[in-house]
Amino acid sequence: MPGPRRLWRNGARVNWASGLACRGVDRCRAGEEARRRRYLAVDEKIPVSPGDEVDVVLHRVTQEGKGVGRISAAGSLGQADRGGFTLFVRGGLPGERVRARVTRVARGYAEADMVAVVEESADRVRPLCPVFGACGGCQFQHGAYGWQLSVKRVRVGETLERIGRFRTVFEEGEDPGVGETARGSDGGPGGAGKPEVVAGEGHVPASPGLDRPVGPVIIHPTVGMESPWRYRNNIHMAVKDRGGRLVAGYYSSGGRRWVAAEDCPIADERLVALIQAGLRAAERCGWQAAEETAGSRSQAELATGRGRLYHVAARVAPGTGQTMLIAVVDRERMNRMGEFAAWVRDAVPEVTSVILNVRRGRGDGPVYGRRSIALYGPSRIVDRMGGLWFEISPTSFYQVNSLQAERMYELAMEAAGLDGSQRVVDAYCGVGTLSLFLSRGASQVTGIEVATEAVADARRNARMNRIENARFQVGAVEELLPSLVADRRPDVVTLDPPRRGCGRAALEALVHAKVPRVVYVSCDPATLARDLRVLADGGYQVREVWPVDMFPQTGHVESVALLVRGDVF
Ligand SMILES: C[S@@+](CC[C@H](N)C(=O)[O-])C[C@H]1O[C@@H](n2cnc3c(N)ncnc32)[C@H](O)[C@@H]1O
């Protein structure tokens, strides 16, 4: 994005908004401040400035875990949802009255840090993690688990209403148009009977020109976990050098700050032990933290060939107990790399494989490089889920919460209504996990996936499970699906796209072919709402949505949606 325009005239900087030359830094700052004030004051009178302390009652929470309240003038409380200036308070919960210090003022809203909770919500709990709030991984550890489930259900319903213009109901037979307050009281164990609406789907605009709401769509209770901790089967942490020791950590939300973390209470304990073993082994090998030395290494250092470590990552296959440690490094030949694997095994004898993953820049992802070398053990570990075997390579996509993934796949299978006779297309199939679940109830499954390596994994997984009625095609869904459904219409199509949702061509292909049943698995309620509305306008009835809590303690929510056509028999 281009930055603000700065012009110079006669040696003085020009305030581009007013067109006046500012002589001297102070005058220029004053000009900028005036411009900022004018800009901010277009819609609202700004009642606060950075540094102000205000009391505010919170009535919503964002996906990022910020409580949302309204203030009408500095220090005074605004009426919830009735005008006023919006204040986002980090760590605040709906229903709480808090004292907050304003940190930033922007157009139409301000952000604030919590100073004190004046009146505490019954849903507030003590976070388990010592770096909660600083680390960007979790957003909801300060809310009871029942409350988290309730918030996620409400978020899915509200987003379908706001972006897709659907009419939603929370139970079968419930009156359409049930109010916000009733929704807030839904929430299972922690529900406190107040509005708890989650804002923050701004990346997807409301569907244009849709005055006619469609529905009702049933929003089921969020499918939660019995024990919502230690569920992650894979973590990766960035490595830094701290006083001669290698330390692993996560980044804050937005990635601006790195936060050291010795434990991660949402990760399987085996992963935490492996990460620590990897760090100690790397220290003994003389490896350096990549970010500490980037761009500043002498020729002598380069000649030592000791190598640099970017990340340590670990994976576990909960169904078999197999584990993998991955060291993400800057070269294929690291100093003492055979000993690295041996030292990891000394510390964690049950480790199944130790992998070197090499980052070189070109073609690399944000964490992993393209090349992986097994230093010890096999290059893939094997998991067992839902009675099926799956191979997991160091970098392949595999749902991070195995227990919930299995429940979600079972839900999708049920929604697909399979009786052994149907032909199914599984679009965005990844390594074929859902495809192989579906194959047990279908006559044939065709998976479509754009990543060549994932399709190779999917084919291998099918062979390993002796599944012969699943085949896989490499390519973009928007390109392959139209001809696939036009040539011979399948009975069911499942969609499991990335966050950005489905390509328009894929949705239009379903509409044109009148595929009788569609099951949409989504990790983003906003793009789900947008895509469901396209399908609803094309003749589909969006019947039910099941939110699934794949990521407890965070603001994320997955959903499974069932769509059917009334005009196809
Ligand atoms: C959310 S993952 C779903 C994976 C799989 N269903 C599972 O549960 O393991 C989305 C998958 O879609 C793939 N993908 C992204 N864009 C695609 C496109 N345009 N066409 C086909 N596949 C795509 C990604 O590579 C990724 O494997």
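For ligands, and for the atoms within them, numbers begin at 1 and follow the listed sequence.
Distances from ligand 1 to the non-hydrogen atoms of Gly475 include at least one value under 4.0 Å. Under the 4.0 angstrom criterion for non-hydrogen atoms, Leu434 is not in contact with ligand 1. Heavy atoms of Pro498 come nearer than 4.0 angstrom to ligand 1 in at least one pair. For the ligand labelled ligand 1, residue Gly503 lies outside the 4.0 Å heavy-atom shell. Within the structure, the closest approach of Tyr398 to ligand 1 does not fall below 4.0 Å when heavy atoms are considered. Distances from ligand 1 to the non-hydrogen atoms of Arg500 include at least one value under 4.0 Å.
Listed by number with element, the atoms of ligand 1 under 4.0 angstrom from any heavy atom of Pro497 are 1 (C). Distances below 4.0 Å separate heavy atoms of Phe397 from the following atoms of ligand 1: 2 (S), 4 (C), 7 (C), 9 (O). Of all atoms in ligand 1, numbered sequentially from 1 with element shown, those under 4.0 Å from a heavy atom of Thr433 are 9 (O). The ligand atoms of ligand 1 that sit less than 4.0 angstrom from a heavy atom of Tyr409 are 7 (C), 8 (O), 9 (O).
Arg489 contributes no side-chain N or O that, together with a main-chain N or O of Ala486, makes up a donor-acceptor pair within less than 3.5 Å. No donor-acceptor distance shorter than 3.5 angstrom exists from the side chain of Thr159 to the backbone of Pro525, with no hydrogens or angles considered. The backbone N or O of Pro221 sits nowhere less than 3.5 Å from a side-chain atom of Trp546 that would complete a donor-acceptor pair.
Of the protein's non-hydrogen atoms, Tyr428 CB, 3.5 Å is the one closest to atom 12 (O) of ligand 1. Counting only heavy atoms of the protein, atom 19 (N) of ligand 1 lies nearest to Glu478 OE1, 3.1 Å. Ranking the protein heavy atoms by distance from atom 5 (C) of ligand 1 puts Cys429 O, 3.4 Å first. Val477 N, 2.9 Å is the protein heavy atom nearest to atom 20 (N) of ligand 1. For atom 10 (C) of ligand 1, the closest non-hydrogen atom of the protein is Asp496 O, 3.3 Å. Val450 N, 3.2 Å is the protein heavy atom nearest to atom 22 (N) of ligand 1. Here the heavy atom of the protein found nearest to atom 13 (C) of ligand 1 is Glu449 OE1, 3.2 Å.
The pair Arg230-Asp268 does not count as a salt bridge, with every side-chain nitrogen at least 4.0 angstrom from each carboxylate oxygen. Taking a cutoff of 4.0 Å between a charged side-chain nitrogen and a carboxylate oxygen, Glu332 and Arg371 qualify as a salt bridge. In summary, Glu508 and Arg504 engage in a salt bridge, as defined by a charged side-chain N under 4.0 Å from a carboxylate O.
By the 30° and 60° cut-offs, the orientation of the rings of Phe390 relative to Phe437 is parallel.
Inspection of the Asp419 and Ser421 side chains reveals an N or O donor paired with an N or O acceptor under 3.5 Å. Using modelled atom types, one finds no donor on one side chain facing an acceptor on the other under 3.5 Å when comparing Asp549 with Thr222.
Two rings, from Phe140 and Trp147, have their centers less than 6.0 Å apart.
With rounding to the nearest 0.5 Å, the separation of OH in Tyr540 from CZ in Arg565 is 5.0 Å.
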